[in-house]
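Scroll down for the structure; my scribbles are underneath it.
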Number of protein chains: 2
Amino acid sequence: MAERPPGYELPLLLFGAFRSIVDATHADLAERGHPDLRPIHGFVFQAIGVRGTTAVELAARLAVSKQAAGKTIANLEKQGYVERTASPTDARAKIVRLTVRGVEFLELSARAFDEIQTEWAEAIGEQRLTELRSDLRRFAPGELFRLDAPGWLGSER
Amino acid sequence: MAERPPGYELPLLLFGAFRSIVDATHADLAERGHPDLRPIHGFVFQAIGVRGTTAVELAARLAVSKQAAGKTIANLEKQGYVERTASPTDARAKIVRLTVRGVEFLELSARAFDEIQTEWAEAIGEQRLTELRSDLRRFAPGELFRLDAPGWLGSER
DNA sequence: CATATAAGTCAATCTGGTTTACTATATGGG
DNA sequence: CCCATATAGTAAACCAGATTGACTTATATG
């Protein structure tokens, strides 16, 4: 354990790699008709999911207040990515669902992520990529889908 | 290349691992007398550096306006982490330097990062850790010290 | 049935950021 | 040498996204 690089390199590498994936994905999305959405929206859309959700549930997943979640939903509704309908079982609640455009965004993102993963596999080989994922799983928090990163990820517009 | 996990797992793993390092480091720093600083400050302190800097230079490194950099500096000054002195060569400029406390924060951070890296080495082995760093270097942007992440990383107080 | 709890919205406020405007100092070409 | 232009820093107004608190309406439970 003599000549190891300084420890601060590791987080910078992890963040840099994360960021390059996200930037590449959003560059792709911008070309394909979604230039308005920021990296943060990936988290929001994942939190909404194809099944839909409610404002309170979304707030919990994103770890923000329900008012903040409401504002986010209102913005996305204005941009045509989600729609709100009354809940059939609870007259207080409204179900937030992705529109066709919202689902398209999610699908394009998934495709872009897959493409990037393929590029990585070609660059370092299938074996090393598998090891990379396996090693990272040991250190990433158990609940991978912690979507409370928006507070870390910047502005919405 | 048949059964590869979905591509979106990769960014989540990278971000999750990054975040676990940062959280652990700041938990450690909080215990050691620096509970007020947020993850974003690691970037800011790195951008200031032990040599010191100016507001304009800092703004460029953080990719924010010089006014925003000025506010950040004023906050850190109020908290005793930096001090401003007149530049000996330019009467317009002020040199921002870390105080003893600021340097201490930087040193404690470095130590915490090193400790985490050691834990990782023990968990996956020196070999795999070396491969991990080497693979990530291929995908992280060339300029590792891109410190314009604060806009991604959340609030200052 | 009464009361406590939950979903959503509104309004006020806070925090960081930007833009615009300004002062003071540097710098470089006539 | 001097003036035009550029640069360092600050200040004020504004903006975007978040929070807290108050409120309405509906659900759930004793």
Side-chain angles (χ1 to χ4, degrees), chain A residues 36-45 47-48 51-79 81-97 146-157, chain B residues 36-45 47-49 51-79 81-97 147-157:
Chain A
D36 299 334
L37 296 182
R38 314 269 323 132
I40 187 182
H41 291 104
F43 287 82
V44 177
F45 278 54
I48 295 172
R51 312 278 315 266
T53 185
T54 67
V56 165
E57 212 174 60
L58 181 62
R61 289 191 191 150
L62 300 176
V64 298
S65 64
K66 60 180 179 175
Q67 295 87 335
K71 288 184 191 180
T72 299
I73 293 166
N75 283 341
L76 289 177
E77 192 176 36
K78 213 180 311 172
Q79 295 178 270
Y81 286 101
V82 306
E83 59 194 0
R84 272 182 280 199
T85 60
S87 163
T89 63
D90 186 337
R92 295 168 303 177
K94 297 179 183 174
I95 309 292
V96 181
R97 277 206 192 70
R146 280 178 72 189
L147 295 167
D148 57 338
W152 290 35
L153 271 179
S155 68
E156 180 127 25
R157 269 257 63 171
Chain B
D36 300 332
L37 296 182
R38 313 271 322 133
I40 185 182
H41 291 104
F43 286 84
V44 177
F45 278 55
I48 295 171
R51 311 280 315 269
T53 184
T54 67
V56 165
E57 212 173 60
L58 182 62
R61 289 190 191 152
L62 300 176
V64 298
S65 66
K66 58 182 180 175
Q67 294 87 338
K71 287 183 190 180
T72 298
I73 292 166
N75 283 343
L76 289 176
E77 192 176 36
K78 211 181 309 172
Q79 294 178 270
Y81 286 101
V82 306
E83 59 194 2
R84 273 182 280 200
T85 60
S87 164
T89 62
D90 186 337
R92 296 168 304 176
K94 297 177 183 175
I95 309 293
V96 181
R97 277 203 193 73
L147 295 168
D148 57 339
W152 288 37
L153 271 178
S155 69
E156 180 128 25
R157 265 260 67 176

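Lettering of chains follows the sequences in order, A, B, ..., and the numbering in each one begins at 1.
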Value in whole Å for how far the [atom2] atom of [N] lies from [atom1] of [X]:
{"X": "B:Ile73", "N": "C:dG17", "atom1": "CD1", "atom2": "C1'", "value": "15 Å"}
{"X": "B:Asn75", "N": "D:dT10", "atom1": "CG", "atom2": "C1'", "value": "15 Å"}
{"X": "B:Leu62", "N": "C:dG16", "atom1": "CG", "atom2": "P", "value": "14 Å"}
{"X": "A:Lys66", "N": "D:dG21", "atom1": "NZ", "atom2": "C1'", "value": "11 Å"}
{"X": "A:Arg38", "N": "D:dA16", "atom1": "CZ", "atom2": "C1'", "value": "13 Å"}
{"X": "A:Leu58", "N": "C:dA6", "atom1": "CG", "atom2": "P", "value": "18 Å"}
{"X": "A:Phe43", "N": "D:dA18", "atom1": "CZ", "atom2": "P", "value": "14 Å"}

Contact under 4.0 Å: [X] side-chain N or O vs [N] OP1/OP2:
{"X": "A:Thr54", "N": "C:dA7", "result": "no"}
{"X": "A:Thr72", "N": "D:dA18", "result": "yes"}
{"X": "B:Lys71", "N": "C:dT18", "result": "no"}
{"X": "B:Lys94", "N": "D:dT10", "result": "yes"}
{"X": "B:Ser87", "N": "C:dT25", "result": "no"}
{"X": "B:Arg84", "N": "D:dT10", "result": "yes"}

On DNA chain D, check which nucleotide each of B:Ala55 and A:Ser65 is closest to and give me the residue with the more 5' one.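 With B:Ala55 and A:Ser65 compared, the 5'-side residue is B:Ala55.
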Report the C-alpha distance between B:Leu37 and B:Phe45 in whole Å, list the side-chain angles of each, state the deciding distance to 0.1 Å, and finish with yes or no for side-chain contact (heavy atoms from CB on, under 4.5 Å). CA-CA 11 Å; B:Leu37 296 182; B:Phe45 278 55; 4.0 Å; yes
Spacing of [atom1] belonging to [X] relative to [atom2] belonging to [Y], to within rounding of 0.5 Å:
{"X": "A:Arg84", "Y": "A:Arg97", "atom1": "CZ", "atom2": "CZ", "answer": "13.5 Å"}
{"X": "B:Asp90", "Y": "B:Thr54", "atom1": "CG", "atom2": "OG1", "answer": "9.0 Å"}
{"X": "A:His41", "Y": "A:Gln79", "atom1": "NE2", "atom2": "CD", "answer": "6.0 Å"}

Applying side-chain contact (heavy atoms from CB on, under 4.5 Å), run through A:Val44 and A:Thr72 and close with a yes or a no. CA-CA 9 Å; A:Val44 177; A:Thr72 299; 4.0 Å; yes
Of the candidate nucleotides [options], which contains the atom at the shortest distance from the side chain of [X]?
{"X": "B:Ala68", "options": "C:dG17, D:dT19, D:dG9", "value": "C:dG17"}
{"X": "B:Asp90", "options": "C:dT25, C:dT9, C:dT19", "value": "C:dT25"}
{"X": "A:Val64", "options": "C:dT25, C:dG17, D:dT19", "value": "D:dT19"}

Would you say the side chain of B:Arg92 and the base of C:dA24 hold a donor-acceptor pair, judged only by whether the two atoms sit under 3.5 Å apart? no
Is it the case that D:dG21 (base atoms only) and A:Gln67 (side chain only) share a donor and an acceptor within less than 3.5 Å, ignoring hydrogens and angles? yes
